[in-house]
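Everything below concerns the one structure shown next.
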Amino acid sequence: MQRIRLRYTKRGRLRFTSHRDFQRAFERALRRAEVPMAYSAGFTPHPKVSYANAAPTGTGSEAEYLEIALTDARDPDKLRLLLDESMPVGLDIIDAVEARTSGLADRLAASVWELRLDGVSPEDAERAVDAFMAAEAVEVRRKAKNGIRTFDARGAVASLEAHSAQSEAHSAQADRPTDQACAILRLVVRHVTPAVRPDDVLSGLRSVADLAPPVPAAVTRLAQGLFDEETGTVTDPLAPDREAAAPSPASAGDTATAAAKASA
């Protein structure tokens, strides 16, 4: 059985798709692309697809991950192209690698988020960010199944910076492209329990600095993976699989030696 790990996006209006909506679209794509899926046992077999840490409905993302199990081996790059052609535009399959290590979900330990605050000046955003980061704890409240829950939104935030929209180099993939000046927040948050989401950080900014954007923030996840404490960056969670697939220097040398002997 072969396992393939995929990275996909939620762009533009497709950010409003729920996780269940994506599951249905992806399973249809698997059938259209005639992927030799492995199925679970039991009375209602279903394709073996493992989803990891999906972004909330309404947020865009450039870094969602899942893993599929196949009964026959396929080339990851060719499989990615077939699946991408079968998915709606906006739900794009942008990377694929054969799983050669364990613990993908454990490597999704932090996320990088971009928050576009239309109608907020960069100066006001920077003052609010400074107040938030200076606080030892920032309590926020969120409605949960069992009622209102209060928790600290500050402890999970590894970094938070404010920028001007004009100073950011945005691509055509921006979730809400606009020429109007607005503040951009770049947030790195660790995945803890309870989970701290971008809207919790916005609630914290409102609490400590009375920052209240006049329109809802456009939120996009840019990356997720392990958090490097030394550099303050989030690393690629598929890198260990690529490294495991790369030939070692010794094996590459053995291949060259064998080729030389064969030509002699």
Task: For G58 against F16, the heavy-atom pair lying closest together - done: CA-CD2, 3.9 Å
Task: Closest non-hydrogen atom pair, T59 against P56 - done: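 Answer, listing the atom of T59 first, then P56: OG1-O, 2.7 Å.
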Task: Those residues that, when tested against H191, pass ring pair (Phe, Tyr, Trp, His ring centres under 6.0 Å) (two or more places apart) - done: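 Expected list: none.
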Can you find a heavy atom in the side chain of [X] that is under 4.5 Å from one in the side chain of [Y]?
| X | Y | value |
| --- | --- | --- |
| K10 | L91 | yes |
| L82 | V35 | no |
| P214 | V120 | yes |
| C182 | L117 | no |
| L104 | P237 | yes |
| L6 | E64 | no |
| F26 | I68 | yes |
| S86 | R28 | no |

Backbone N or O of [Y] within a donor-acceptor pair of the [X] side chain at under 3.5 Å?
| X | Y | value |
| --- | --- | --- |
| D84 | I93 | yes |
| E114 | V219 | no |
| D130 | A128 | no |
| T235 | L226 | yes |
| D152 | E139 | no |
| D106 | G103 | no |

Salt-bridge criterion met for [X] and [Y] (N-O under 4.0 Å):
| X | Y | answer |
| --- | --- | --- |
| R190 | E229 | yes |
| R186 | E161 | no |
| R5 | D241 | yes |

Applying the 4.5 Å side-chain criterion to the ILVMFWY set and letting contacts propagate, would [X] and [Y] be lumped into a single cluster?
| X | Y | result |
| --- | --- | --- |
| L160 | W113 | yes |
| V208 | M133 | yes |
| L66 | V97 | no |
| L108 | V192 | no |
| M87 | M37 | yes |

Open item on the list: So for atom CD, which belongs to E34, do other residues, nucleotides or ligands contribute more than 12 heavy atoms lying within a distance under 6.0 Å?
Closed with: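 At most 12 heavy atoms, drawn from other residues, nucleotides or ligands, come within 6.0 Å of this atom.
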Open item on the list: How about CZ on R242, more than 12 heavy atoms from neighbouring residues, nucleotides or ligands closer than 6.0 Å, or not?
Closed with: yes
Open item on the list: Using side chain to side chain contact (heavy atoms under 4.5 Å, CB included), reason through M1 and K48 one step at a time and then give a plain yes or no.
Closed with: CA-CA 11 Å; M1 182 180 296; K48 289 188 175 182; 4.1 Å; yes
Task: Pairs where residues 51-80 contributes a residue and the test ring-ring contact (aromatic ring centres under 6.0 Å, His included) is met, not counting sequence neighbours - done: H19-Y51
TODO: Indicate whether the side chain of T101 and that of R107 have a donor and an acceptor atom separated by less than 3.5 Å.
DONE: yes
Task: Residue that, paired with L205, satisfies side-chain contact (heavy atoms from CB on, under 4.5 Å) out of D200, L185, D210 - done: L185
Task: side chain to side chain contact (heavy atoms under 4.5 Å, CB included) between Y8 and I94, worked out - done: CA-CA 6 Å; Y8 66 94; I94 61 173; 6.0 Å; no
- [ ] Take R206 and L211, measure what side chain to side chain contact (heavy atoms under 4.5 Å, CB included) needs, and give me the verdict at the end.
- [x] CA-CA 4 Å; R206 184 168 57 249; L211 183 72; 5.6 Å; no
- [ ] Go through E98 and Q2 one step at a time and tell me if the side chain to side chain contact (heavy atoms under 4.5 Å, CB included) criterion holds.
- [x] CA-CA 8 Å; E98 183 173 0; Q2 183 189 36; 3.5 Å; yes
- [ ] Any chance you could measure S207, atom OG, to R154, atom CZ, to the nearest 0.5 Å?
- [x]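 That separation rounds to 13.5 Å.
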- [ ] Report the hydrophobic cluster partners of F227, with the cluster defined as I, L, V, M, F, W, Y residues connected by side-chain heavy atoms closer than 4.5 angstrom, directly or transitively.
- [x] V112, V188, L222, V234
Open item on the list: Quick check on side chain to side chain donor-acceptor pair (under 3.5 Å): which of R7, R221, R11 does E62 satisfy it with?
Closed with: R11
